[in-house]
Every structure is written in structure tokens, then in C-alpha cells.
Protein chains: 2
Amino acid sequence: MGNPDDGVELLWREGEREPRAGLSLGRIVRAAIELADTDGLDGLSMRKVADRLGFTTMSLYRHVPGRDQLLDLMLDEVMGERATERATEQITEQITEPAPGQATAQATGQATGQVTEPEQPPAAGWRAALEAVARQTWHTCRRHPWMAEVRGTRHLPGPNAVAHYERMLATLTGTALRPSEVIAVVGLLGRFVDAEALTLVEIQREERRSGVSEEEWWGNRDSLYERLGQYPTITRLWETGGWDHPEDSFEFGLRRLLDGVETLVRERDESRDETCPECGTPLEPAASGRPRVYCSRACQQRAYRRRKSGAGNCG
Amino acid sequence: MGNPDDGVELLWREGEREPRAGLSLGRIVRAAIELADTDGLDGLSMRKVADRLGFTTMSLYRHVPGRDQLLDLMLDEVMGERATERATEQITEQITEPAPGQATAQATGQATGQVTEPEQPPAAGWRAALEAVARQTWHTCRRHPWMAEVRGTRHLPGPNAVAHYERMLATLTGTALRPSEVIAVVGLLGRFVDAEALTLVEIQREERRSGVSEEEWWGNRDSLYERLGQYPTITRLWETGGWDHPEDSFEFGLRRLLDGVETLVRERDESRDETCPECGTPLEPAASGRPRVYCSRACQQRAYRRRKSGAGNCG
DNA sequence: CTTCCGCTGTTTATGTCGTACACCAACTAC
DNA sequence: GTAGTTGGTGTACGACATAAACAGCGGAAG
């Protein structure tokens, strides 16, 4: 219902004038975010948002087309809060920051959006930068757990979301990755963070709903464990304490993923294409600055015209 | 509501006697699976299941405690179907199998549950085996897209799910990974497959609901693309065709993940602990068969007694 | 044979949700 | 003054899970 482009207008319009009293888009969005922060995504209903603001349910529909578009607006609003990050951090976070030094490095890193520490032999600066933005996304997800719960592939990005995407993609310029691989890496990391955040939310939600902690609940499933004796691998891992001191799921996964990306980057770096994609003649690498792709200005222009004629979609 | 242990009983009880007519647990579960296969998870309601079987809604509650437990039962039922895999595969699958040779290798691999191809210099057999089970999970998720939609961290595993878990864990025995790392790798891969399957489901669902294909929908968002000109990285990736020929999300991610795991395995293999964890004396490696952990039968026994005295939970 | 009970299926009702629709008061423009 | 727009309200619908009470049935015990 309704043209999605209206959502674009809503997301990208600037300089909202807030009326003295009464409702406004900004007030609705902020109230919805507060509500979702405390009650989770399924605790977020149009009725509750309206109640919190002291208006009737249907009044909201004068400002927001529907719940879905409200979610889009909430997401982009949340993507924009990075300045006040350090201030509100310690409220909910105590597990996620294992080493304060690391967290600080990440905070300074995300201020510029791209960290380059050239004196680090094995991995180039891209790895630190990519890790930094991943951790930043992680932090945002932890502060607003409902973010990971919002599903769907047709969420319009607002200015803040696009800026964030741009920042992630930018970390990988300078590597020899192909464009499609840059995009794939960023997507993969994004989905990873989302998935990890999602399982955390689900644990929290079920703990709050049932009043029983996750550990306790699984600990009480003796009737299940009785039946696991005949599975040798599970039994051996159990006996050797595999479940007693589990790995930190996010840290472990992040490291594996970055390692995997690193091998790809190395692979591409080794077999870096030394020929001009337009005429095929070998090109001498640029001594400094941005690595060159074309052998000459003429080839660069030819490639540009070719691209311009046959434009493709972003599907 | 209701003791979770009742769910365990429901899942693990064997030899269901099916009545001639009327309802039964098995019939309900199978009807629910069929329904979810076609309508998705949010198209699965108790009303529709009952309608499909020709009974009233509330009649289901005589056999299943509630919707959540029904989901648990559905999941385990689906985990059990591996024999008829090749038969039903070509119905919905055409994208997921890029190279038939690869798919065949995977199919034979999952038949035994553990593939070992000792003549492969860089990666040991664990990698092929792990890839095989990951692909198997992927196939199951593609055949029953609602699987990935089922969320929550307190789903009781039935016999089929446990067998599958056992199989995944078993692929990594023989590597020098620590127990907690084995578990973490399997969990990471599982969440990855789920996440990838989930985004595919979401695309399908929105395509069916709106009648507009994903590509088409994003292609029509010109009002959005107008505003992206000022983002240099996005613009450059766009112009160099990064979105024209995107990577296969699952294949790309799987390779990165396996690469990441491989570096960890290598790392652990290099610094493989050459000393007995009980007495610290160096132990000579076993010439063949399962790599030895203890220097002597005496130390092995001592470690066993120590474990037995201090048992820990599986939280 | 009767009485009772447990198993199964039905009926009715409660409370949640998003949102379509009709209505109305106040404000703005001509 | 009159017409049109904006913003808030009240009612209503159809979907959902499921609680609670009720009704037919078969078998067992008295």
C-alpha cells in the first residue's frame, strides 16, 4: 500500500520543523525507538506508541504511512547516533568490551571512518578498519536490540544508513578485491553481525518473558541429556569441557571471517592484474597513491564510455 | 505454559501408532510442514492446519501443547528426511547448484556423514566434510524455507536434530581444535547458513506478497539513487559494475568462513600441544589412528577421574 | 446394565494486533 | 464567507493464539 518512493521522501527530507505541541514525525520515531529499546520489537505496537505520546492510535497514521515505514525511519534515526556513543555506552554494555584498549581503538577509528596503521606487517590497514566498523555496527545493535529483529530485504536506507554503508565499503578500497567482492564482503559481515545480535536478543527476550535464565533453562533439561549418551562426539566434547567455557560467539566469528577475507585479499594481491582491462597491455604499477587500473588516459576514457552506454541495475 | 520436558517426551517418543481416522501427532506435523512449505512461516496458523485436516482449530490442542512445540516437532521431522533428498531436489532448486559435479560430491559425502579424502595436500579431510554438511543444511533450508524463519534459542532438539549436530561436530575430530572451538565453528557455520537462507526466504516472501520481483523493486527506486551521487565509494563501485554481476552470497560466504576456519586449524596444528596435559612430559605422536592426548594410560585415567568429580553444565 | 472416567473434538470467548473508514474541529486561502 | 486542507478521533474488521467449558465416545469397574 502506498508508493515506496513516499518512504524515500520521508527518509531523506531534511530540516524538519517541529511544531510547538502535537504530533510530529520526529517525536513519533523517537517514542517508537524508546519503546522498542525497552519492550523489544514485538512489544512495539502503534497503540503503545500513541499511548506513550498521549494521542490516539490512528493519529499516528496522519504522519507515518504504516508500521513498516516507521521501522525504516527508526533504523535510519538510530544509524545517525554516533556522537553520543561513549556517553550511553556503559548503560547496557559490560560483556561486549573485553579489552578497553581495543574498544578505544575502535572508537577513534570510527571517528574518521577509515583507520590506516601502515606499520603492521601481515595485514594492511583495511583489516583494522573493517573490524572497527563491524564493531561499531555491533555496538549499535547492542544498544538497540530490536535492530537485528527487523527483517526484510526491502528496507529503504536513509542518509545515515547510506553513510554507514559507504564507510564500510570504503575500508576495502586499496585492496585488490574486485568490486563485486567488496560488496560481498561487506554484506557478509553485516549479516554476520545481525545474526549474532539476533541470537542475543532472542536470549534476552525469552529470559524476560519466562523469568528463567538461558543457562538455567538448558541446565534443567536433564530428560534431554539422558538420551545423548549414545552420541560419541557429543559425549566426548561434553566430557572434555567443551561447553563449560564456550568461546565468545561474536569475537570468534569475527576473527574467522576476517581471516577468511584476508586470505582472499592476499590471493587477489598476489595475482594482481598487471594488464590494462581495456587493451590488455601490461601496465607499470603506480609508485604511490591510488593504484592505477588503466594503462593510459585514453583507455580509461574508452572504458568510461562503454560503461555509460550499457547501464545496469543494482539488483 | 507447560513443562518443556513434555516437549522432550513428544520429540523423542518412538513408534507412534497412527489411528485409522481422526487426528494424530504425525498427521498434524506433516500437514503443518506442507502448509509452511507453501505459505511460509507466517502463513502457518493453527486455524489453517486444522482446516487442511478438516477439523476445528482447538482440536489440535488435544495433541500438541501449542504452536511453539509444533514448530519443534516440524523441525525435527524435517531434519530426518535425507533418504528422499535427490528425488525432490529438482523441484525448487535450480540456482543453488552451480556445478553438478560439486553437488554430487556433496551428496555422496553426506551419505556416509563423513568424507575423508586423504590425498589432498593443503586442507585435510575435515574441510570437505564440513563443507558437505553445511551444504546439506543449506539444501534442507532451501527445501523448507520456513526453517530459517523459526527463531528462538530454546528449541528442543529431537533425535534427528541431534544426529545432525553430532555429524557436524564429528567432522572436526582429528583436528587440533580445542573442544570449545569445535563447538564454536559448528555454531558459526550453522548461523551462517541460517542467515543466508533467511534472506532468501524474505526475498521470496516479499516477491510473492507484492508480485514485484526483488530486482525490479530495487531497480525502480530511482528517487533513491538520485541522492547517492555524493558518496564516492558507492559511486565508484557502481560505475565499475560491482552490482551488475554480484557474487553468490552463499558460496562466497561459505568459502570465506571455511578459509577462516582453516587458518585456525593450521594455527592449532602448528602449535599442537606436544606435552601430556596431566603430567607435562612430552609425548611422542601416534604413528597412525587417533592422535594421542595423554602420555600413558595412567595419566589418561587420572584425567578421567578428575573430570568425573567436577561435572559442569552445558550452558 | 449402569456408572464413571479419560480421550477427543467442538463451541464460545478474550485479548492482541494493524489499519480502513467516516467524522469533525480548526486553520488557511481566496 | 466559503471552500479546501491539515490533524486528531472513534468505531469497526479480520487476523491471530489460546483459555475454558462442554459433548460424544470407548472401555473398565461396580
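In what follows, chains carry the letters A, B, and so on, assigned in the order in which the sequence lines appear, proteins first and then strands, with residues in each chain numbered from 1. Computed from a predicted model, the values in this text were never measured in an experiment.
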Subject >> Length of the CG-C1' vector between B:L23 and D:dG24, whole Å >> reply: 15 Å
Original post:
Between the side chains of A:E196 and A:S249, does any donor sit under 3.5 Å from an acceptor?
Top reply: yes
Original post:
Contact class for B:F55 vs. all strands (heavy atom < 4.0 Å): base, sugar-phosphate, or nothing?
Top reply: sugar-phosphate
Original post:
How do A:T57 and A:R47 order along DNA chain D: which one's closest nucleotide is nearer the 5' end?
Top reply: A:T57
Original post:
Does the side chain of A:Y165 come within less than 4.5 Å of A:I183's, by heavy atoms?
Top reply: yes
Subject >> Comparing B:M58 and A:R62 on DNA chain C - which has the more 5′ nearest nucleotide >> reply: B:M58
Subject >> Residues B:E206 and A:T153: side-chain donor-acceptor under 3.5 angstrom >> reply: yes
Subject >> Atom-to-atom span, CG of A:L25 to C1' of D:dT6 - whole angstrom >> reply: 15 Å
Original post:
CH2/A:W146 to CG/A:L198 distance, rounded to the nearest 0.5 angstrom?
Top reply: 14.0 Å
**OP:** Output yes when a side-chain donor or acceptor of A:R67 lies under 3.5 Å from a complementary backbone atom of A:L44, and no otherwise.
**Re:** yes
Original post:
In whole angstrom, what separates A:D51's CG from D:dG8's P?
Top reply: 15 Å
**OP:** May I have the distance from B:Y61 (atom OH) to C:dT11 (atom P), rounded to whole angstrom?
**Re:** 16 Å
Original post:
What is the distance from CG of B:D42 to P of C:dG18, rounded to the nearest Å?
Top reply: 15 Å
Original post:
Over how many whole Å does the gap from A:L70 atom CG to C:dG18 atom P extend?
Top reply: 10 Å
Original post:
Any donor-acceptor pair under 3.5 Å joining the side chain of A:R67 to the base of C:dG18?
Top reply: no
Subject >> Spacing of A:K48 atom NZ relative to C:dG18 atom P, expressed in whole Å >> reply: 9 Å
Original post:
For the side chain of B:T56, counting heavy atoms from C-beta on, which of C:dT10, C:dT19, D:dA17 is nearest?
Top reply: C:dT10
**OP:** Can you tell me the distance, in whole Å, between the CG atom of A:L35 and the P atom of C:dG18?
**Re:** 11 Å
**OP:** Using a heavy-atom cut-off of under 4.0 Å over every strand shown, decide if A:L44 touches base, sugar-phosphate, or nothing.
**Re:** sugar-phosphate
Original post:
NA contact type, A:S59, heavy-atom cut-off 4.0 Å: base, sugar-phosphate, or nothing?
Top reply: base
**OP:** On DNA chain C, check which nucleotide each of A:G43 and B:H63 is closest to and give me the residue with the more 5' one.
**Re:** B:H63
